[in-house]
2 protein chains.
Amino acid sequence: MSSSKLLKGSLATIVLRLLEENDRMYGYEITQKVKELTAGEFKITEGALYPTLHKLEAEGLLTTETQPVDGRVRKYYSLTKEGNAAARSKVTELEEFIISLQKVLNPKLGLG
Amino acid sequence: MSSSKLLKGSLATIVLRLLEENDRMYGYEITQKVKELTAGEFKITEGALYPTLHKLEAEGLLTTETQPVDGRVRKYYSLTKEGNAAARSKVTELEEFIISLQKVLNPKLGLG
DNA sequence: TCTACATACTTAAGTTTCTTATGTATAAGA
DNA sequence: TCTTATACATAAGAAACTTAAGTATGTAGA
């Protein structure tokens, strides 16, 4: 993910979250969806995305289906059962992280 | 920072933010403050913190003052003028990142 | 007294996760 | 024809951590 070299470690969670919503997606589609959702703020690079997808597949969290579409090959990814569970726990973990982060960035709030 | 190997890249911003609030702090104090603010959720490791402090100092964002206290040496860090500006921009950047991240994690919100 | 834990800082080795760059290949539009 | 978009893969290098080891003092308990 580009867009400010921030927060390394959230890409896998983002991928799992999108697949939770979309049933199946291919790599390029993921890059476009993220760009769309964030109004261009996040630009996921291929060099980051594809290795992440391969890793999640190797861990048994994703399965793939390859299909030719318009003369090009598309590789669709879907969550496995374990992938679903991982998506839930990783998203929760990230949300809790954000809450803690905000406590540090803005200690005044949350004390009342 | 430990606590779930999440979000690499936010430690420098956290340090700058704390120094914005506190005028001067020493390393160990920073680790304790973060632990306190997050109720133990974030545990900043020394191996992460000290190199970060040295780097920020090398970049001219922090200055140091060493003082012996109770027979031990403390190294106090303060923001320079540039450090103040960097703190503002980095905190803003991180907050914007969080907003974008939430758009991806919860695309339903923010559409109405 | 010895042990353990807290305080306080430093640095090296290894890992993870990116960025940047390169390569392959097809389709569409100027 | 050239560029841009679509679509995937992977290697080299950098950044930011974790883990681990080292140095050193103060305090509290067995």
Side-chain angles (χ1 to χ4, degrees), chain A residues 1-16 24-36 40-59 61-62 64-77 90 93-94 97 101, chain B residues 1-16 24-36 40 42-59 61-62 64-77 90 93-94 97 100-101:
Chain A
M1 176 170 15
S2 125
S3 159
S4 40
K5 303 117 198 285
L6 273 167
L7 307 232
K8 309 193 178 186
S10 45
L11 181 54
T13 305
I14 286 171
V15 167
L16 293 171
R24 70 174 210 168
M25 296 181 89
Y26 54 100
Y28 186 78
E29 186 184 9
I30 291 175
T31 67
Q32 299 308 301
K33 188 70 180 177
V34 168
K35 200 194 286 181
E36 178 202 322
E41 279 272 309
F42 288 180
K43 296 178 222 330
I44 293 184
T45 61
E46 297 166 299
L49 179 63
Y50 291 115
T52 295
L53 288 170
H54 300 162
K55 196 189 168 207
L56 293 174
E57 187 185 4
E59 289 170 354
L61 305 183
L62 303 182
T64 60
E65 252 183 293
T66 298
Q67 280 183 10
V69 177
D70 292 328
R72 274 190 293 266
V73 170
R74 275 188 196 165
K75 201 165 164 186
Y76 283 95
Y77 288 87
K90 285 210 137 206
E93 195 182 16
L94 185 49
F97 184 91
L101 189 52
Chain B
M1 179 170 13
S2 127
S3 162
S4 40
K5 305 119 198 282
L6 274 167
L7 308 231
K8 309 191 179 188
S10 45
L11 181 54
T13 306
I14 286 172
V15 166
L16 293 171
R24 71 175 210 168
M25 296 180 87
Y26 54 99
Y28 186 76
E29 186 183 10
I30 291 174
T31 68
Q32 300 308 301
K33 188 69 180 177
V34 169
K35 200 194 287 183
E36 178 202 323
F42 288 0
K43 296 177 222 329
I44 292 183
T45 60
E46 297 166 299
L49 179 63
Y50 291 113
T52 295
L53 288 170
H54 300 161
K55 194 189 168 208
L56 293 174
E57 187 184 5
E59 289 170 354
L61 305 183
L62 304 182
T64 59
E65 252 183 291
T66 298
Q67 280 183 12
V69 177
D70 293 326
R72 273 190 294 266
V73 170
R74 276 189 196 165
K75 201 165 163 186
Y76 284 96
Y77 289 87
K90 286 211 137 210
E93 196 183 15
L94 185 49
F97 184 92
S100 291
L101 189 53

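Protein chains get the first letters and strands the later ones, always in sequence-line order, with residue 1 at the start of each.
- For the OP1/OP2 pair of C/dA8 and a distance below 4.0 Å, the side-chain nitrogens and oxygens of B/Arg74 include at least one atom meeting the criterion.
- Straight-line distance from the CD1 atom of A/Ile44 to the C1' atom of D/dC8: 15 Å, rounded to whole Å.
- Closest of all the heavy-atom pairs between A/Lys90 and A/Ala12 is NZ-CB, 4.3 Å.
- Across all strands, A/Gly71 comes closer than 4.0 Å only to sugar-phosphate atoms, never to a base (heavy-atom distances).
- The interatomic distance linking A/Gln67 (CD) with D/dA7 (P) rounds to 12 Å, in whole Å.
- A/Lys55 has a side-chain polar atom (N or O) that falls below the 4.0 Å cut-off from OP1 or OP2 of C/dT17.
- To the nearest angstrom, C1' of C/dC9 lies 15 Å from CD of B/Glu29.
- Closest to the A/Arg72 side chain, of the nucleotides C/dC18, C/dT26, D/dA16, is C/dT26.
- Side chains of A/Thr52 and A/Lys55 form no contact here, defined as non-hydrogen atoms less than 4.5 Å apart.
- Atom pair A/Gln32:CD and D/dC8:P shows a separation of 11 Å (rounding to whole Å applied).
- Across all non-hydrogen atoms, the minimal contact from B/Ser100 to A/Glu41 is OG-CB, 3.4 Å.
- For B/Tyr26, taking side-chain heavy atoms from C-beta onward, the closest of the listed nucleotides D/dT19, C/dT17, C/dA8 is C/dA8.
- Listed candidates were C/dC18, D/dT19, C/dC9. Nearest to the side chain of A/Lys8 is C/dC18.
- Taking atom CG of A/Leu49 as the reference point, atom P of D/dA7 lies 13 Å away to the nearest angstrom.
- Where B/Asp70 and A/Gly47 meet DNA chain D, the nucleotide closest to each residue was compared, and A/Gly47 sits on the side nearer the 5' end.
- Considering only side-chain N and O atoms, B/His54 lies nowhere under 4.0 angstrom from the phosphate OP1 or OP2 of C/dC9.
- For the pair A/Glu93/A/Phe97, no side-chain contact is recorded, criterion being any heavy-atom separation below 4.5 Å from C-beta on.
- Residue A/Leu94 contributes atom CG, which lies 13 Å from atom P of C/dT17 at whole-angstrom precision.
- Checking C/dT11, C/dT10, D/dT10 against the side-chain heavy atoms of B/Lys75 singles out C/dT10 as nearest.
- Distance A/Leu56 CG to C/dT16 P: 14 Å, rounded to the nearest Å.
- Residue A/Gly27 is in sugar-phosphate contact alone, with no base atom involved, counting any heavy-atom pair closer than 4.0 Å across all strands shown.
- Legend: residues meeting side-chain contact (heavy atoms from CB on, under 4.5 Å) with A/Arg72, ordered by chain and number and at least two apart, are absent.
- Under the side-chain contact (heavy atoms from CB on, under 4.5 Å) criterion, A/Glu36 pairs with A/Lys33, sequence neighbours left out.
- Residue A/Tyr50 has its side chain nearest to D/dA7 when only D/dA7, C/dA8, C/dC18 are considered.
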Worksheet entry | Structure string for DNA chain D in dot-bracket form, Watson-Crick and G-U at under 3.5 Å, | interchain | ||||||||||||||||||||||||||||||
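- Nearest approach of B/Leu101 to A/Phe42, heavy atoms of both residues: N-CZ, 3.7 Å.
- Per the geometry, NZ belonging to A/Lys43 stands 16 Å off C1' belonging to C/dT20, to the nearest Å.
- Taking both residues in full, the closest heavy atoms of B/Arg24 and B/Glu29 are given as O-OE1, 4.2 Å, listed atom of the first, atom of the second, then distance.
- Each of C/dT20, C/dC18, C/dA8 was ranked by its minimum atom distance to the side chain of B/Glu46; first place goes to C/dA8.
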